[in-house]
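Everything below concerns the one structure shown next.
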Amino acid sequence: MSHAHFLARRKRLLQTIGDGVAIVPTAPEVIRNRDAHHLYRFDSYFWYLTGFPEPEAVVVLIGAKDGKSKPKSILFCREKHEEREIWDGYRYGPKAAKTAFGFDAAYPIEQLDKKLAEFLVDRDTLWHAIGHDSSWDTRIAKALNEVRAQTRAGKRAPRAIHDLRAELDAMRLIKDAAEAGIQQRSADIASAGHARAMRACRPGMAEYELEAELSYEFRKRGADAHAYTPIVAGGANACVLHYVSNDKVLNDHTLVLIDAGCEVEGYAADITRTFPVNGRFNAAQKDVYEIVLAAQAAAIQATAPGRHFMEGHDAAVRVLTQGLIDLKLLQGDLDNLIEKGDFRRFYMHRTGHWLGLDVHDAGEYKVGDEWTRLLPGMTLTVEPGLYIRPGADIPPALAGIGIRIEDDVRVTESGCDVYTTAPKTVAEIEEVMRHE
């Protein structure tokens, strides 16, 4: 994505904040153990506005005031440091970062606290992610108090503090064409990873071996990293929604559920596929799988502009509940079972979530008491499932079957496009898994 896109976002936000000041820090580096760090990943809000990849950075947006000053976007970042660059790699430094990323000014990060108080003088509003990070709340309170201490000198501190995330969430919820292109690339790579795992799968493998196949394909095709900790759940492990141990043996005549996605330029893909370890669905597995697949198709059909967010979920629940009746796992009237929520024993999560720079992306799901209406450019997952945990009343053929099917979709002017292309029908899966 070009830096012009990030500049345009800053300009748009500057119009929103009026004559206020907005402060957006990136994420800190995190120690894994001793002096080893976790792989660094920037803060999504900061990246959305800057595209700047380094830690120890903050962007300050200063709105126009009384028509006498122009709005400004200012970066604070690490200075050039020859010795640290020998150890850790290239640093832009303020001068190069200002030019490369289109800022009006850039300063060393060490100057932030001093200049922050200066920026707040005689401004009506401060915009900040209140409560997100207690250390930043303290830091900003200190700057505010420094300005308040100068009241007798005629200086005034902001009288209002607004949570910046509400404005940024609304911006991030609608993806533009450039974002859509990155999301499609991320989805293509993740889809290839799932197809590779299907081709590699054999009874007797360990779950982590399939995880390794995913990781290899993601990195080979240029993804930055996994978008989240992958789930590779064989057999009844698939009935644990957030199973991440990935250390058990894959047994013949069972299914394996893989929930994994990669990240490209910060944008996540999120795919789940469930398939037979030996490459062939048995009758019971196929029956349950076809119900979940039909539920996903119904949810995708209900994902269109003007429809509200939960319509896809409601459509999926109706198909899943009827399927549970057909499997004789539930008994009774369809509408009554849905109203009572009896399906939740076997389907206990929602059918999707927003997707973007975060795998569970920014954006409101409700406006007041109403579910958010879908608009072109919104991107979300569609992921129904059934999880039949063993029990005294569960037929042995169905016990331990856990199935989820998840794709990433973008709302269009007339409906939605499905980004993800990993094999999904029974025929497609069995064909790609054909063991010659």
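Model, not experiment: these values are computed from the prediction. If you read the sequence from its start, that first residue is 1, and numbering goes on from there.
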Pair [X]-[Y], side-chain donor/acceptor within less than 3.5 Å:
| X | Y | value |
| --- | --- | --- |
| Q183 | D408 | no |
| D270 | T381 | no |
| Q184 | D417 | no |
| H194 | E217 | no |
| H128 | D137 | yes |

Salt bridge [X]-[Y], side-chain N to carboxylate O under 4.0 Å:
| X | Y | value |
| --- | --- | --- |
| D407 | R273 | yes |
| R12 | E167 | no |
| D88 | R78 | no |
| E54 | R84 | no |
| D259 | R404 | yes |
| D393 | R345 | yes |

>> Can you confirm if the aromatic rings of Y347 and H349 lie within a centre distance of less than 6.0 Å?
In response: yes
>> If the test is side chain to side chain contact (heavy atoms under 4.5 Å, CB included), which one of I405, T420, I300 qualifies with V382?
In response: I300
> Regarding R185 and the six-membered ring of Y267, is the cationic atom NZ or CZ under 6.0 Å from the ring centre and inside 45° of its axis?
Replying inline: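 That pair does not qualify as a cation-pi contact.
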>> On the six-membered ring of F309, is R350 placed so that its NZ or CZ lies under 6.0 angstrom from the centre and within 45° of the ring axis?
In response: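 Here R350 fails the 6.0 Å and 45° test against F309.
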> Hey, what do you get for CD1 (I401) to CG (L327), rounding to the nearest 0.5 Å?
Replying inline: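 Here the interatomic distance stands at 8.5 Å.
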>> Using ring-ring contact (aromatic ring centres under 6.0 Å, His included), reason through F101 and Y92 one step at a time and then give a plain yes or no.
In response: CA-CA 10 Å; F101 294 87; Y92 278 94; 4.9 Å; yes
>> Applying side-chain hydrogen bond (donor to acceptor under 3.5 Å, both in side chains) to D188 and Y419, what does each step give before you reach the verdict?
In response: CA-CA 8 Å; D188 289 344; Y419 282 131; over 6 Å; no
Ignoring hydrogens and angles, write down the donor-acceptor pairs under 3.5 Å from the side chains of residues 25-37, residues two or more places apart or on other chains.
| residue | atom | partner | partner atom | Å |
| --- | --- | --- | --- | --- |
| T26 | OG1 | Y40 | OH | 3.1 |
| T26 | OG1 | D43 | N | 3.2 |

>> Within the 4.5 Å heavy-atom criterion, are L329 and I394 side-chain neighbours or not?
In response: yes
